[in-house]
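None of the values given here were measured: they were computed from a predicted structure.
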Amino acid sequence: MSDVFGLTSQIKIMSKKDTKQNETVSWELSPAPESKGHISLKPKYDLFINGKWVKPSGGKYFDSINPATEEKLAEIAYASEADVDKAVKAAREAYTNVWSKLSGRERGKYIFRIARLIQERAREFAVIETLDGGKAIRESRDVDVPLAANHFFYYAGWADKLEYAFPNRKVESLGVAGQIIPWNFPLLMAAWKIAPALACGNTVVLKPAETTSLTALKLAEIIEESGLPAGVVNIVTGYGDTGAAIVNHPDVNKVAFTGSTNVGKIIQRAVAGTNKKLTLELGGKSANIIFEDAPIDQAVEGIVNGIFFNQGHVCCAGSRLFVQEGVADEVIQKLKDRMDHLYIGDPMDKNTDIGAINSKEQFDTIRKYIKIGKAEGNEIYESNCPVPSKGYFCRPTLILDVAQSSTLVQEEIFGPVLTVQTFRTVDEVIQKANNTPYGLAAGVWTDKGSKIFNLTTKLRAGVVWANTYNRFDPVSPFGGYKESGFGREGGKHGLEAYLKI
Ligand code: NAP
Ligand code: MG
């Protein structure tokens, strides 16, 4: 299992009270930047259609920037409806003439090859993910890239065993899968989508998010290198309208979307009345629940892990904290201390805990929510760790003693902002935790197994972690309830989304 934010934990002491002289002394860590010398980035990326790099029909490109420095990294092609049509046609031909005719064993070989090539180029992928998306290199290196490779390995293993996955049922591939992914785990989300689709015998047209297209385009290079037949995987870059063109294309058989609930609703409406199969992995507002009998220090680490790493850009982030009254003061004090000692800054530095917010737009959204919190009269605690003056950086923030009805408790912020509520009884916390339109994940911290089992059956969340948070494994399914979407990715369940059974 990968601990998403790899944190058990690198506690770094930046300052400490010298008891004799009663003054604060600070130690700085020396910079430890990962090198960029080993990566190759082209100045301009075209579309990857039918195994070739093709110019966008409209001739338009947009910039991908490094959110930590605001520097331009590369130009990315903007795919029009006509380009999407070309990609879907290529995927259809590849499906009909090649991919659907190959045995599972042969398909598996290609998928294994992709997995191995990701491993071989892991360092390059980690650096590019960090440059393009702003997340700390420790996360891209220890979480995103290894998990992406693992997904390809895992689904490669299923390719020739589909009839064992669903005994006594006939399974068939669907055809062309249109896949749209967000910016928070760009390579990993591409792996979650492409690996099971290929294993089940489908071909793919994938659109990455506009701010983080680079690792999907680097994945296209690996796909080229793997010798995968032309047209089996096509990568089209662009804005929301490029995504909409995929969703609305009449020759797409399956739509897989990960992103916001608002766009998910638009897609569900667009797909209604067609025979396209749909899975939606949407937003979240997940509860992290700390009982009095919990191991408090571990729980504090789990809270930090749950919301502050990857700048809170995690769909299943533990963004609502519920602490039982008896330990509330202790937990909050320890949490504040820990927050003050987090390193926020250069995402390329191996000591950095929290990197840059992915885009100016997201940065403004987070600031807007903190302002709403202030206007609502909530007590707000912003960590006092130093932040760089350039780039989009946001301090970890607590919204304390907040009402269940507050906008900040109800809406997904998608940033390092944690609402804190207290509770007395088990029933009360279950009711509060479930009082949300979302249902993606939850965390429970207690030393009583019976309490854990009670809560896992009553919390309306797709994933419930016990005494840990944000752990992922390709073997276990992930997905939501309610407005967090439907369908599962990962594990055997993840195959169902790409098969007629
Ligand atoms: P988003 O705005 O919904 O965008 C997601 C993807 O959809 C992007 O590639 C986007 O393109 C594209 N898109 C936008 N409008 C579209 C339309 N009308 N039709 C088709 N595609 C369209 O989400 P985001 O801001 O990138 O990502 C953050 C959200 O993703 C959060 O709500 C988070 O909770 C959710 N998320 C969920 C999961 C999960 O597994 N449940 C995992 C990760 C993230 P552009 O980038 O060009 O706008
Ligand atoms: Mg970028």
Side-chain angles (χ1 to χ4, degrees), residues 1-9 115 118-119 122 125-126 129-130 133 135-158 179 181-197 199 212 215 219 256 258-259 279-284 286-288 298 301-319 414 438-445 456 459 461-481 484-485 487-495 497:
M1 284 249 180
S2 298
D3 176 338
V4 158
F5 303 116
L7 314 169
T8 337
S9 158
I118 294 175
Q119 280 188 323
F125 269 90
E129 198 73 303
T130 285
K135 64 171 63 191
I137 187 74
R138 224 173 64 215
E139 284 162 38
S140 342
R141 184 195 62 198
D142 299 347
V143 181
D144 296 63
V145 178
L147 266 178
N150 279 350
H151 268 268
F152 280 102
F153 276 121
Y154 175 73
Y155 281 109
W158 272 120
Q179 309 181 320
I181 56 172
W183 45 259
N184 59 345
F185 289 90
L187 177 70
L188 183 59
M189 290 298 114
W192 279 25
K193 297 272 180 288
I194 296 174
T212 55
T215 44
L219 183 62
T258 297
T279 41
L280 296 174
E281 298 277 6
L282 309 177
S286 302
N288 206 355
Q298 273 164 265
E301 223 31 58
I303 298 165
V304 169
N305 177 358
I307 180 70
F308 296 138
F309 287 81
N310 195 16
Q311 306 79 247
H313 295 340
V314 186
C315 50
C316 50
S319 52
F414 223 54
Y438 295 107
L440 199 51
V444 180
W445 297 80
T456 50
L459 291 172
V463 178
V464 181
W465 285 290
N467 293 329
T468 186
Y469 206 92
N470 268 340
R471 288 207 172 230
F472 287 95
D473 191 289
V475 172
S476 69
F478 183 85
Y481 281 79
S484 292
R488 294 291 177 264
E489 292 187 305
K492 200 184 82 175
H493 299 66
L495 297 169

*Can you tell me how far CZ of Arg138 sits from CG of Asn310, rounded to the nearest 0.5 angstrom?*
12.0 Å

*Taking atom CG of Leu495 and atom OH of Tyr155, what is their separation to the nearest 0.5 Å?*
5.5 Å

_I need the minimum non-hydrogen distance between Gly302 and Trp445, along with the two atoms involved._
CA-CZ2, 3.5 Å

_Distance (rounded to the nearest 0.5 Å) between Lys193 NZ and His151 NE2_ = 10.5 Å

*Taking side chain to side chain donor-acceptor pair (under 3.5 Å) as the test, write out the residues that go with Asn184, two or more places apart.*
none

*Close side-chain approach of Glu489 and Pro196, heavy atoms under 4.5 Å*: no

*What pair of heavy atoms forms the shortest contact from Gly259 to Pro182, and how long is it?*
CA-CB, 4.3 Å

*Any chance you could lay out the side chain to side chain contact (heavy atoms under 4.5 Å, CB included) test for Glu139 and Thr130, step after step, and finish with the verdict?*
CA-CA 9 Å; Glu139 284 162 38; Thr130 285; over 6 Å; no

*Flag the pair Gln298 / Asn467 as yes when at least one side-chain heavy-atom distance between them is below 4.5 Å, and no otherwise.*
no

_Minimum side-chain heavy-atom gap Cys315-Leu440 below 4.5 Å_ = yes

*Would a 4.5 Å heavy-atom cut-off, applied to side chains only, mark Asn470 and Cys316 as touching?*
yes

*Under the side chain to side chain donor-acceptor pair (under 3.5 Å) test, which residues partner Trp183, sequence neighbours left out?*
none

*Do the ring centers of Phe478 and Trp192 come within less than 6.0 Å of each other?*
yes

_Point-to-point distance, once rounded to the nearest 0.5 Å, from OG1 of Thr212 to CG of Leu187_ = 10.5 Å

*Just do the side chain to side chain contact (heavy atoms under 4.5 Å, CB included) check on Tyr469 and Ile303 with the steps written out, would you?*
CA-CA 8 Å; Tyr469 206 92; Ile303 298 165; over 6 Å; no

*Verify, without hydrogens or angle tests, whether Ser484 (side chain) and Leu282 (backbone) share a donor-acceptor contact under 3.5 angstrom.*
no

*Where the side chain of Ser286 meets the backbone of Ala442, is there a donor-acceptor pair that is under 3.5 Å apart?*
no

_NE2 on His493 to OG1 on Thr279, rounded to 0.5 Å_ = 14.0 Å

*Step by step, work out the side chain to side chain contact (heavy atoms under 4.5 Å, CB included) result for Lys135 and Val143.*
CA-CA 11 Å; Lys135 64 171 63 191; Val143 181; over 6 Å; no

*Identify the two heavy atoms, one from Ala149 and one from Ala115, that lie closest to each other, and give their separation to 0.1 Å.*
O-CB, 3.7 Å

_Where Pro477 and Arg488 come nearest, the two heavy atoms and their spacing_ = CB-CB, 4.1 Å

*Can Trp465 and Asn288 be counted as having a side-chain donor-acceptor contact under 3.5 angstrom?*
no

_Nearest atoms (heavy-atom pairs only) where Gln179 meets Ala197_ = NE2-CB, 3.6 Å

*asked:* Using the rule given for side chain to side chain contact (heavy atoms under 4.5 Å, CB included), can you reason through Ser319 versus Tyr438, listing the C-alpha separation, both sets of side-chain angles and the distance that settles it, and then say yes or no?
replied: CA-CA 12 Å; Ser319 52; Tyr438 295 107; over 6 Å; no

*Do the charged groups of Glu129 and Arg141 touch, with an N to O distance under 4.0 Å?*
no

*So, for Ile181 and Ala190, which heavy atoms are closest and what is the spacing to 0.1 Å?*
CD1-N, 3.7 Å

_How long is the straight-line distance from CG of Leu147 back to CD1 of Ile118, given to the nearest 0.5 Å?_
11.0 Å

